[in-house]
There are 2 protein chains.
Amino acid sequence: MQPWQDRLDKTLTKLRERNCRITPQRVAILKVFLGSADHPSVEQVYAQVRINFPTTSLATVYKTVHLLKDIGEVLEIGTVDGRNRYDGNRPCPHPHLICTECKSIIDPKLSLLPKLTAEAETTSGFRITSHQLDFYGICPACQKK
Amino acid sequence: MQPWQDRLDKTLTKLRERNCRITPQRVAILKVFLGSADHPSVEQVYAQVRINFPTTSLATVYKTVHLLKDIGEVLEIGTVDGRNRYDGNRPCPHPHLICTECKSIIDPKLSLLPKLTAEAETTSGFRITSHQLDFYGICPACQKK
DNA sequence: ATACATGCAAAACATTTGCATAAGA
DNA sequence: TCTTATGCAAATGTTTTGCATGTAT
């Protein structure tokens with residue numbers, strides 16, 4: 001029993017409610033997202049899925065990632081190094097730290113972010129519903145090189 | 001005399017120092033960046049340049065934008081809607097408030113942002129060089145509708 | 001004169017789409 | 001059965017590259 005089994009079941013239920021079919025490919029793709037702590041690209045998901053499902057096509061991975069994004073089960077992070085990256089574990093927007101050298105992505109915990117959002121709301125009068133916050137820099141490992 | 005004349009001269013000097021040649025195309029592209037307050041894509045720069053230099057090729061615009069990015073005179077903002085956007089005016093990135101209803105964009109002044117950046121650096125060990133921060137929500141005018 | 005930049009076309013990318021076939025419900 | 005998903009291939013759109021020609025220095 002994987003720690004994300006519960007999450008998997010909930011997502012499958014959500015798919016059924018939308019009259020989407022539960023195919024082996026979709027389950028496999030979903031499992032890759034839930035099992036990876038980092039922020040994979042479509043190509044990386046594809047490579048992972050093909051270990052167990054060698055017949056899976058890249059187009060299907062693209063279509064499924066789109067579907068999961070649409071139902072809010074996967075978050076599109078943005079373009080890093082020419083390809084889109086995704087987060088299957090925290091589908092709500094959160095800040096990222098992106099290393100411009102090795103392209104790795106970290107999820108920092110920023111206690112001040114709610115206060116910053118509040119400041120943006122009060123100074124502008126906006127009702128803020130979402131955000132995208134990416135810091136770019138050099139990660140500790142690359143600083144030593 | 002344009003307000004960015006001084007900046008233009010400095011950039012041209014920088015180019016000469018790097019043994020780069022000052023061509024009409026490069027000057028024209030640079031002027032487009034300095035004269036536009038928004039964040040143009042390569043295609044938009046290309047369209048603008050071709051008004052005065054109809055023979056300019058898209059490849060040259062791409063090469064020049066790359067050059068200007070390399071020497072730090074233009075900032076690559078990131079990919080919006082499938083294409084890269086650039087900022088030739090502001091050396092430092094700044095946050096945006098984007099209304100999802102009327103698409104208007106506001107530049108808020110966020111006094112907490114430096115503190116948030118500092119928190120991100122200390123908690124991660126990253127040396128942060130840049131960032132992108134976009135808040136999405138409903139502006140005051142659209143909330144009344 | 002001689003590097004270097006330009007412009008054209010073709011290539012290299014990630015991503016999307018159309019359609020016949022396969023398969024979940 | 002009957003609709004939806006898959007997989008292939010072709011198309012799309014952006015960005016890059018090779019090379020002959022043009023041009024700034």
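A note on names: the letters A, B, ... follow the listed sequences, proteins ahead of strands, and every chain is numbered from 1.
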For this session: Kindly say whether Ile128(B) contributes a backbone atom to a donor-acceptor pair with the side chain of Glu121(B) at under 3.5 angstrom?
Result: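 Yes.
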Exercise. Can you check whether Leu58(B)'s main-chain N or O pairs, donor with acceptor, with Glu43(B)'s side chain at less than 3.5 Å?
Worked result: no
Atom-pair distance ([atom1] on [X]; [atom2] on [N]), nearest Å:
| X | N | atom1 | atom2 | value |
| --- | --- | --- | --- | --- |
| Arg18(A) | dA5(D) | CZ | C1' | 17 Å |
| Lys63(B) | dC19(D) | NZ | P | 12 Å |
| Tyr46(A) | dT6(D) | OH | P | 14 Å |
| Tyr86(A) | dA14(C) | OH | P | 13 Å |
| Gln25(B) | dC8(C) | CD | P | 11 Å |
| Arg21(B) | dG22(D) | CZ | P | 16 Å |
| Leu12(B) | dT25(D) | CG | C1' | 15 Å |
| Leu58(B) | dG13(D) | CG | P | 14 Å |

Exercise. Parallel, tilted or perpendicular for Phe33(B) and Tyr86(B), by the 30°/60° rule?
Worked result: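 If you compare the ring of Phe33(B) with that of Tyr86(B), the planes turn out perpendicular.
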Just N and O in the side chain of [X]: are any of them under 4.0 Å from OP1 or OP2 of [N]?
| X | N | result |
| --- | --- | --- |
| Thr55(A) | dG7(D) | yes |
| Thr60(B) | dG7(C) | yes |
| Thr56(A) | dT6(D) | no |
| Asn84(A) | dA14(C) | no |
| Arg26(B) | dA5(C) | yes |
| Thr64(B) | dA5(C) | no |
| Tyr62(B) | dT16(D) | no |

For this session: Tell me which nucleotide among dT16(D), dT6(D), dA3(C) gets nearest to the side chain of His66(B).
Result: dT16(D)
For this session: Consider the side chain of Val42(B), meaning its heavy atoms from C-beta on, and name the nucleotide among dT15(D), dA25(C), dT6(C) that approaches it most closely.
Result: dT15(D)
Exercise. For DNA chain C, whose closest nucleotide is more 5', that of Glu43(A) or that of Arg50(B)?
Worked result: Arg50(B)
Exercise. Could Glu73(A) and Arg7(A) be called an ion pair, given the rule that one side-chain N must be under 4.0 Å from one carboxylate O?
Worked result: yes
Exercise. So which one's nearest nucleotide on DNA chain D is more toward 5', Pro24(B) or Ala59(B)?
Worked result: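 Taking each residue's closest nucleotide, the earlier one in sequence belongs to Ala59(B).
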For this session: Taking atom types as modelled, find out whether Gln25(A) and Thr60(A) have a side-chain donor-acceptor pair closer than 3.5 angstrom.
Result: no
